Amino acid sequence: MILSLRLLFKMYLLFSNSSFRNWIAEPQINWKPKLGKGVFDVLVGTTFLDQRNEGLAQSASGFSSEGLMKNLAAGTTRTTATNYYSQYRYNAIFGRINYNLNRKYIINITGRRDGSSRFGPGKQFANFGAAGLGWIFSKENFIQKALPFLSFGKLRASYGTSGNDQIGDYQYLDAYTSSGIYQGGVGLTPVRLSNPDFAWEINKKLEAAIDLGFMQDRILLAVSWYRNRSSNQLVGFPLAPTTGFASIQGNFPATIQNTGVEVELEAAIIQRKDLSWTASFNLSIPRNKLIAFPDIETFPVYVNQYVVG
């Protein structure tokens, strides 16, 4: 019985190797000159990022001896289970100018140009920026006299744009996979359609807020209002089954708006050398709205699901 089990036993070897390599360099130059009663904070920098991910898995069976199992070529049957390689490159140049006058009035302007290898030629780079204003009104003499219980008060507002390229690598290219052996050769099956025209997803954010501190900042209150608008979303457009594909990557023509109010309250109830107790409370009231969808009637999947407004 034992002999028959050994004869039926099939020696099997699985070999796999994978690696992920990543490097990033971000040199910056910072300059803080004074101008009158204010101080500039100027920052210029750039970013270089490179990521590579590769792997190989192979299996073999039918070895005549256990001593040969470390040699894949010694197996009578060999199979490549998986073999992949991907590379992602990202580059950006950015700058920021901040001016603080009398430690009360703040102006901030930022700008950047981002490039990603996840988009096709001519679509890889995009420009983004932001601007913000701040006023620490608690440092005004008339506020200190009128509201002596207020230890900190700040009004702030900002508007800016940002981008998104989180869609995976090579999405703008045709993709194929091996479909097995056909007439002595390896066949190929298409698994993704190319679309070199899609570009960065764009997000636009407008925000206004007030920050307050009471009792030497033992009680902190922040109330903010925001409006986010997202357009050119990177999604898969559904295709008819007759095309042989479920979807194709592209920029969604819709514009989605998210507005809301957020409240944050934090209080240091007990502050002692050997004991502290802090309580916090937050409230968010969001609202989502579809404000634009050009030619929605040409999208059968969405025309019965969404209504503009």
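Because the structure is a prediction, the values reported are computed rather than measured.
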**Request:** Say whether, by atom type as modelled, one donor and one acceptor occur between the side chain of Thr161 and the main chain of Gly129 under 3.5 angstrom.
**Result:** yes
**Fill in**
Value for CD1 (Ile202) from CG (Asn232), rounded to nearest 0.5 Å, stands at 5.0 Å
**Message:** Using a 6.0 Å cut-off, check whether atom CZ of Arg52 has over 12 heavy atoms from anything other than its own residue.
**Reply:** yes
**Prompt:** Under 3.5 Å, side chain of Trp200 to main-chain N/O of Gln124, donor-acceptor pair present?
**Reply:** yes
**Asked** Would you say Asp197 and Phe119 make side-chain contact, with heavy atoms under 4.5 Å?
**Response** no
**Euclidean distance, Glu140 CD relative to Lys145 NZ, rounded to 0.5 Å** = 12.0 Å
**Asked** Is the side chain of Arg89 donor-acceptor paired with the backbone N or O of Asp50 at a distance under 3.5 Å, no angle test?
**Response** no
**Asked** Can you name the residues that form a side-chain contact (heavy atoms from CB on, under 4.5 Å) with Ala175, not counting sequence neighbours?
**Response** Val191, Arg192
**Request:** With rounding to the nearest 0.5 Å, note down the distance linking CG in Leu49 to OH in Tyr90.
**Result:** 8.5 Å
**Prompt:** Can you list the residues that meet the side-chain contact (heavy atoms from CB on, under 4.5 Å) rule with Leu14, with sequence neighbours excluded?
**Reply:** Tyr12, Ser59
**Sidechain-backbone polar pair: Asn258 side chain, Lys289 backbone, donor-acceptor under 3.5 Å** = no
**Request:** Measure from the side-chain N and O atoms of Asn102 to the backbone N and O of Lys104, and report whether any donor-acceptor pair falls under 3.5 Å.
**Result:** no
**Prompt:** Does Ser194 use its side chain to pair, donor to acceptor, with the backbone of Tyr172 at less than 3.5 Å?
**Reply:** no
**Item:** Nearest non-hydrogen partners of Gln249 and Ile167, listed with the distance
**Value:** NE2-CG2, 4.1 Å
**Item:** ring-ring contact (aromatic ring centres under 6.0 Å, His included) contacts in which one or both residues fall within residues 148-171, not counting sequence neighbours
**Value:** none
**Shortest non-hydrogen contact between Ala199 and Asn251, atoms and distance** = N-OD1, 2.6 Å
**Complete:** Minimal heavy-atom distance between Ala254 and Leu290, with the atoms involved, is CB-CD1, 3.9 Å
**Apart from Trp23 itself, residues in the same hydrophobic cluster as defined by side-chain heavy atoms under 4.5 Å** = Phe48
**Request:** Identify the residue among Val42, Ile109, Leu43 that makes a side-chain contact (heavy atoms from CB on, under 4.5 Å) with Arg96.
**Result:** Leu43
**Request:** Could you note down all residue pairs passing salt bridge (charged side-chain N to carboxylate O under 4.0 Å, His left out) where residues 254-275 supplies at least one of them, sequence neighbours left out?
**Result:** none
**Message:** Give me each pair satisfying side-chain hydrogen bond (donor to acceptor under 3.5 Å, both in side chains) with a member in residues 219-229, each pair once, sequence neighbours excluded.
**Reply:** Arg229-Gln257
**Request:** With rounding to the nearest 0.5 Å, note down the distance linking OH in Tyr84 to CG in Leu56.
**Result:** 9.5 Å
**Message:** Testing the basics here: between Thr255 and Ser231, what is the closest heavy-atom pair and its distance to 0.1 Å?
**Reply:** OG1-CB, 3.9 Å
Identify all side-chain donor-acceptor contacts of residues 298-309 below 3.5 Å with residues at least two apart in sequence or on another chain.
from: Thr298; atom 1: OG1; to: Asp295; atom 2: O; distance (Å): 2.6
from: Gln305; atom 1: NE2; to: Val301; atom 2: O; distance (Å): 3.2

**Request:** Could you identify which residues cluster with Ile291, counting Ile, Leu, Val, Met, Phe, Trp and Tyr as linked when any side-chain heavy atoms lie under 4.5 Å apart, either directly or through a chain of such contacts?
**Result:** none
**Message:** Is there a path of hydrophobic side-chain contacts, each under 4.5 Å between heavy atoms, that joins Leu283 and Leu221?
**Reply:** yes
**Prompt:** Taking the six-membered ring for Trp, is the centroid-to-centroid distance between Phe40 and Trp31 below 6.0 Å?
**Reply:** no
**Partners passing side-chain contact (heavy atoms from CB on, under 4.5 Å) against Phe245 (at least two apart in sequence or in another chain)** = Pro190, Leu193, Leu239, Thr243
**Asked** Does one hydrophobic cluster hold both Phe293 and Ile256, with members joined at side-chain heavy-atom distances below 4.5 Å?
**Response** yes
**Prompt:** Remaining members of Trp277's ILVMFWY cluster at a side-chain heavy-atom cut-off under 4.5 Å?
**Reply:** Ile269, Ile270, Leu275
**Request:** Tell me whether Ile24 is reachable from Ile29 by hopping between hydrophobic residues (I, L, V, M, F, W, Y) whose side-chain heavy atoms are closer than 4.5 Å.
**Result:** no
**Complete:** Residue pairs meeting salt bridge (charged side-chain N to carboxylate O under 4.0 Å, His left out), one or both in residues 116-126, sequence neighbours left out, come to Arg118-Asp169
**Asked** With side chains defined as the heavy atoms from C-beta onward, is the minimum distance between Trp135 and Leu133 less than 4.5 Å?
**Response** no
**Request:** Report yes or no: do Glu26 and Thr47 form a side-chain donor-acceptor pair below 3.5 Å?
**Result:** yes
**Request:** Check Ser151 against Ser138 and note the closest heavy-atom contact, atom names and distance.
**Result:** O-OG, 4.3 Å
**Complete:** Shortest non-hydrogen pair, Leu212 vs Gly153, comes out as CD2-CA, 4.1 Å
**Message:** Tell me whether Leu155 shares a hydrophobic cluster with Val263, the cluster being built from Ile, Leu, Val, Met, Phe, Trp, Tyr side chains joined at under 4.5 Å.
**Reply:** yes
**Prompt:** Listed by chain and number, what are the side-chain contact (heavy atoms from CB on, under 4.5 Å) partners of Arg287, not counting sequence neighbours?
**Reply:** Thr259
**Asked** If only atom types and distance count, is the side chain of Gln233 paired as donor or acceptor with the main-chain N or O of Ser230 below 3.5 Å?
**Response** yes
**Asked** Do Tyr105 and Tyr99 have ring centroids that are under 6.0 Å from one another?
**Response** no
**Message:** Tell me whether the rings of Phe237 and Phe252 are parallel (<30°), tilted (30 to 60°) or perpendicular (>60°).
**Reply:** tilted
**Item:** Shared hydrophobic cluster for Ile136 and Leu220 (ILVMFWY, side-chain gaps under 4.5 Å)
**Value:** no
**Message:** Using side chain to side chain contact (heavy atoms under 4.5 Å, CB included), reason through Asn98 and Ile107 one step at a time and then give a plain yes or no.
**Reply:** CA-CA 6 Å; Asn98 183 287; Ile107 301 175; over 6 Å; no
